[in-house]
Protein chains: 2
Amino acid sequence: MGSTKVTAPSLKDLTIDNITPNVHLVNSPCQNRRLKYLLERLVTHLHDFVRETRLSTDEWMTGIEFLTAVGQICTDVRQEFILLSDILGVSLLVDSVDHPKPEGATEGTVLGPFHTHEAHSVANGESIAGDPDGQPCLVLCSVRDTSGKPISGVRIDVWETDSKGFYDVQYADRTGPDGRGIVTSDDDGLFWFKAIVPVPYPIPHDGPVGKLLGRLGRHPYRPSHMHFKFDKEGYDPLITALYVRNDPYENSDAVFGVKNSLVVDVKEVKDREVAENYGAYVGCALIEYDFVLVLESEALALREQRAAEAMKAQGRKVTFLDGLPVPELD
Amino acid sequence: MGSTKVTAPSLKDLTIDNITPNVHLVNSPCQNRRLKYLLERLVTHLHDFVRETRLSTDEWMTGIEFLTAVGQICTDVRQEFILLSDILGVSLLVDSVDHPKPEGATEGTVLGPFHTHEAHSVANGESIAGDPDGQPCLVLCSVRDTSGKPISGVRIDVWETDSKGFYDVQYADRTGPDGRGIVTSDDDGLFWFKAIVPVPYPIPHDGPVGKLLGRLGRHPYRPSHMHFKFDKEGYDPLITALYVRNDPYENSDAVFGVKNSLVVDVKEVKDREVAENYGAYVGCALIEYDFVLVLESEALALREQRAAEAMKAQGRKVTFLDGLPVPELD
């Protein structure tokens, strides 16, 4: 619009064909250019969805009631909207868009709804899992940059279920965090801790999202995995997970999170020296992985480059505000 | 897919570019063809929204939290998701798609979130409004079919705010329905009742939807109006409203509901005979309107015709199930 006069919205007699540009016009005074762009695209897609499907009033009301139920089942420890986003593939897509990885960097995957901010810090070698029924497992990893240099002092948030497939927060009677901990990489970029071998589990499916999965003929299972979140100043945060090879749900994860590069073998500690160095025992299960982080500047450049390509493909002239695209003013 | 073999979904290594068809493939076992089609379009639009806007993880989380808050503020008497749909123009669009009107029929508009199922039936001439501060108003209407023939026995659900701009359900201490009633058209297709002259009011804006309006630089007001919902076996239900001419918000309804054909003058009862016949008094405010309903069969035919045109424009071959389109099987 620039300096040209904005036509006063004519909000009477809106029809199937003219309502979308009218809603855009009404939203156009929004001062936040990014929010305005998000709303413009959101309204366009919502309206196109209705026009294309010829959505009925009954279906619309079913949708309203579904979204309401999704909101109402949410609590401090249950986030059904994240589940909904997960099973529609939206979460994985957002992560892929927001955290592009150059060749050689560890791929990201879905955060899921069970990350909390209450995990305790543990020293390397300590255990994060209190479940006596779980199969003990040494997790021995390194974290490096894309040039192969070890990165020390990385904060690594780890979480997994117990042997029954439940996260700590799913127990009403829990007394504190379990199956989660925060470790820090040492001077050689190494970190290690004791956990249990992950097991497959269904995402919570006693709520509206579970009902939707049922109506779609889908199962609610996730393959065995352990979550990792890496944070260090100057590096792009990495949200990822390791998946156990040959899990029955390896090829049909309900939330689309598995990537080949993140599938690992559960091995066995065979070397007495390794067992002694890392506080494990010979015969203990072992998961090893070498993580590779991306510099924040590198991620930002890649994100902007891919965003510019995507916007160009839509025939839009764009500019960037805080690293996020908005249409260029005329 | 028909009788051809469905390729087993390959759910590993999903990328920005291949995730959408994979989610469709996972949803493809759904037995309900209409639900499958709705999900296919919904997932496509959600994914395109993320790809086009390059949605960030932070923005996604803001959206998740917003939707959660919208769900959590809902109660038996407050429906914030309908409000959200209203202010984005979705509600009006759905009504336009689902209830197409042939030339001469009364246009529909948004239902809004304040319709209830507890209104009492009132005889013609009775009052639906108990507010002593409201300006008394006789509402005198007819209801006919598109050929001009009066329709008797139509159930007409009417609702409006009190003189302060609040619906009954917005009062925590209310004792029963007020400002709402159900009238029935007589043998001449006439119905009349006493109410108050509608006033403008803000939609509830103390919740997440109100905050969104604020961030968009929009006001939350609706112009003065009275809601009507018409039901009779054999006729397409009509959800509409009458708007008072020259209201300050006539051209900027927060929910996009005003249509020129639904704007009325508030007149005055001048004729002593009219006053006597309809239980009013000379000098009383008067709203008159002639409503025209559409046969259910006529609406269905028009809906299917327009749906077929819209689907054809998308290059889709369609078939209809219960009057709603689904893609034709190969």
Side-chain angles (χ1 to χ4, degrees), chain A residues 11-16 19 23 26-27 29-32 35 37-38 41-43 45-57 60 64 67-68 70-72 74 81-82 85 88-90 92-98 215-218 251-253 256 258-260 307 310 314 324-325, chain B residues 11-16 19 23 26-27 29-32 35 37-38 41-43 45-57 60 64 67-68 70-72 74 81-82 85 88-90 92-98 215-218 251-253 256 258-260 307 310 314 324-325:
Chain A
L11 290 187
K12 281 194 291 199
D13 287 328
L14 297 180
T15 66
I16 295 175
I19 189 166
V23 175
V26 171
N27 289 338
C30 178
Q31 292 297 306
N32 179 326
L35 179 63
Y37 177 55
L38 292 179
R41 298 316 305 154
L42 181 69
V43 167
H45 282 295
L46 282 172
H47 288 197
D48 283 349
F49 170 72
V50 173
R51 277 187 286 252
E52 288 168 4
T53 60
R54 317 307 289 181
L55 197 72
S56 75
T57 306
W60 170 84
I64 294 277
L67 291 172
T68 305
V70 170
Q72 300 220 321
C74 290
F81 271 113
I82 293 186
S85 167
L88 298 179
V90 174
L92 185 78
L93 181 58
V94 170
D95 182 76
S96 305
V97 163
D98 202 36
R215 290 197 64 193
L216 291 172
R218 286 171 54 176
N251 293 301
S252 66
D253 185 358
F256 307 99
V258 185
K259 297 189 178 178
N260 268 321
Q314 294 167 54
L324 293 166
Chain B
L11 289 187
K12 283 195 288 197
D13 287 326
L14 297 180
T15 66
I16 294 175
I19 189 166
V23 175
V26 171
N27 288 338
C30 178
Q31 292 298 307
N32 180 325
L35 178 62
Y37 177 53
L38 292 179
R41 298 315 305 152
L42 181 68
V43 167
H45 282 297
L46 281 173
H47 287 197
D48 283 348
F49 170 72
V50 173
R51 277 188 286 254
E52 287 168 5
T53 61
R54 318 306 289 180
L55 197 72
S56 76
T57 306
W60 171 84
I64 294 279
L67 292 171
T68 306
V70 170
Q72 301 222 320
C74 290
F81 271 113
I82 294 185
S85 167
L88 297 179
V90 174
L92 185 78
L93 181 58
V94 170
D95 183 77
S96 305
V97 163
D98 202 38
R215 290 198 63 192
L216 291 171
R218 287 171 54 177
N251 293 301
S252 66
D253 184 357
F256 307 100
V258 185
K259 298 190 178 178
N260 268 320
Q314 296 167 53
L324 292 167

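We name chains A, B, ... by the order of the sequence lines, and we start the count at 1 in each one.
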To the nearest 0.5 angstrom, please state how far the CH2 atom of Trp60(B) sits from the CD1 atom of Ile82(A). 4.0 Å
Quick check for you: among Glu52(A), Arg215(A), Gln31(A), Gln314(A), which has the greatest number of heavy-atom pairs under 4.5 Å with chain B? Glu52(A)
Pair count under 4.5 Å, heavy atoms only, with chain A: among Leu35(B), Thr53(B), Val50(B), highest is Thr53(B)
Quick one: list whatever passes salt bridge (charged side-chain N to carboxylate O under 4.0 Å, His left out) with Arg218(B), sequence neighbours left out. none
Between His45(A) (side chain only) and His47(B) (backbone N and O only), is there a donor and an acceptor less than 3.5 Å apart? no
Kindly write out the residues that satisfy side-chain hydrogen bond (donor to acceptor under 3.5 Å, both in side chains) with Asp48(A), not counting sequence neighbours, or none if the list is empty. Arg51(A)
Which atoms of Leu38(B) are under 4.5 Å from chain A, going by heavy atoms: the side chain, the backbone, both sets, or neither? both
Show the nearest heavy-atom pair for residues Cys74(A) and Gln72(B), with the distance to one decimal. O-NE2, 2.7 Å
Spacing of Phe256(A) atom CZ and Leu14(B) atom CG [to the nearest 0.5 Å]: 7.5 Å
Which one, Asn32(A), Ile16(A), Leu42(A), leads in non-hydrogen pairs under 4.5 Å with chain B? Ile16(A)
Answer key: most heavy-atom pairs under 4.5 Å with chain B among Val90(A), Val70(A), Val43(A) is Val90(A)
I'd like to verify something: which residue of Val94(A), Asp95(A), Leu92(A), Leu55(A) has the highest number of heavy-atom pairs under 4.5 Å with chain B? Val94(A)
Residue Ser85(A) versus chain B: region with a heavy atom under 4.5 Å: side chain
Could you look at Leu67(A) and say if it's the side chain, the backbone, both or neither that has a heavy atom under 4.5 Å from chain B? both
